[in-house]
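The structure under discussion appears below in the form of structure tokens.
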Amino acid sequence: MKQANVTLFHPLQDRICDVLLPSSRIHERIREVAAEISRDYEGREIVLLCVLKGAMMFTADLMRHLEPPVVLDFVAVSSYGSATSTSGVVRIQKDVEEQLAGRHVLVVEDIVDTGLTLHYLLANLRLRNPASLKVCCLLDKPSRRRVEVPVDYLGFAIEDRFVIGYGLDFDEHFRNLGYIGVMEEESA
Ligand code: 5GP
């Protein structure tokens, strides 16, 4: 069979201008965060709530290092806006399936930027009366915050740059990268 002699690449690939966090650094930090969570939740079951789609890789890697019993669930939220910024209007696209009342819920997010998405989600989850509600976030851009949200466990605080990879996308691409890269700003 004739093989097409082409290299497949994403047209925006050359806009990944920097590796911010190599895979080894991410995994090292995840083990530290998981140890902290395991200590805090000792003797209790965690309902781990992965916020789709961005936090799926982080959740998968984090949960394999957690020692307490874990029940996994997913929630998908969409925030209206452009590909690189949030409008603040949030909608639940796929709701939680577990009953949360009386349980220890740990929300796993990819990145907190303005905080609007998480603020909305936490307010919604609180109405279901969990015994506790905490947040574990891989990345935080503190300089962009518009509303205060509690981040109980954090991977890395980063500068205000648009990042992709390790679950995070640009227009649904690059989620499969094993590292976190920085996307060059579009020149005007
Ligand atoms: P917030 O509501 O905190 O402004 O935004 C949170 C959501 O915006 C994240 O869950 C993520 O989907 C998206 N987001 C914010 N900053 C970035 C970024 O630098 N890269 C990517 N890929 N998504 C981001």
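Both counts, for ligands and for their atoms, begin at 1 and track the order of listing.
Within a 6.0 Å sphere centred on CD of Glu32, heavy atoms belonging to other residues, nucleotides or ligands number more than 12. Annotation for His119: atom NE2 does not count as buried by contact number, only 12 or fewer foreign heavy atoms lying within 6.0 Å.
The aromatic rings of Tyr166 and His27 sit perpendicular, their planes meeting at an angle over 60°, well past the 30° parallel limit.
A 4.5 Å side-chain heavy-atom check between Val90 and Leu121 finds every atom pair outside the cut-off. For the pair Arg145 and Asp140, the minimum side-chain heavy-atom distance is below 4.5 Å.
Residue contact check for ligand 1: Phe170 places no non-hydrogen atom closer than 4.0 Å to it. At least one heavy atom of Gly115 lies less than 4.0 angstrom from ligand 1. At a 4.0 Å cut-off, at least one heavy atom of Lys141 sits close enough to ligand 1 to count as contact.
Proximity annotation for atom 13 (C) of ligand 1: of Ile180, Thr114, Ile111, Ile111 comes nearest, heavy atoms only.
An N or O contact shorter than 3.5 Å is missing between Val112 and ligand 1 by distance. In terms of polar-atom proximity, defined here as any N/O pair under 3.5 Å, Val163 does make such a contact with ligand 1.
Atoms of ligand 1 lying under 4.0 Å from any heavy atom of Arg161, numbered from 1 in the order shown and given with element: 19 (O). Near Glu109, with a cut-off below 4.0 Å to any heavy atom, the atoms of ligand 1 are 10 (O). Close contacts of ligand 1 with Asp169, meaning ligand atoms under 4.0 Å from a residue heavy atom, involve 21 (C), 22 (N). For ligand 1, the atoms closer than 4.0 angstrom to any heavy atom of Leu168 are 21 (C), 22 (N), 23 (N). The atoms of ligand 1 that sit less than 4.0 Å from any heavy atom of Thr117 are 1 (P), 2 (O), 5 (O), 6 (C). Contact atoms of ligand 1 toward Asp110: 9 (C), 10 (O), 11 (C), 12 (O) (distance under 4.0 Å to a heavy atom of the residue).
Side-chain N or O atoms of Ser38 include one that pairs as donor or acceptor with a backbone N or O of Glu67 at under 3.5 Å. Proximity of a side-chain donor or acceptor of Asp169 to a complementary backbone N or O of Arg175 within less than 3.5 Å is not detected.
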(request) Please report the C-alpha distance between Lys53 and Asp110 in whole Å, then the side-chain angles of each, then the deciding distance to 0.1 Å, and finally whether the salt bridge (charged side-chain N to carboxylate O under 4.0 Å, His left out) criterion is met. (result) CA-CA 9 Å; Lys53 299 174 187 171; Asp110 54 357; over 6 Å; no
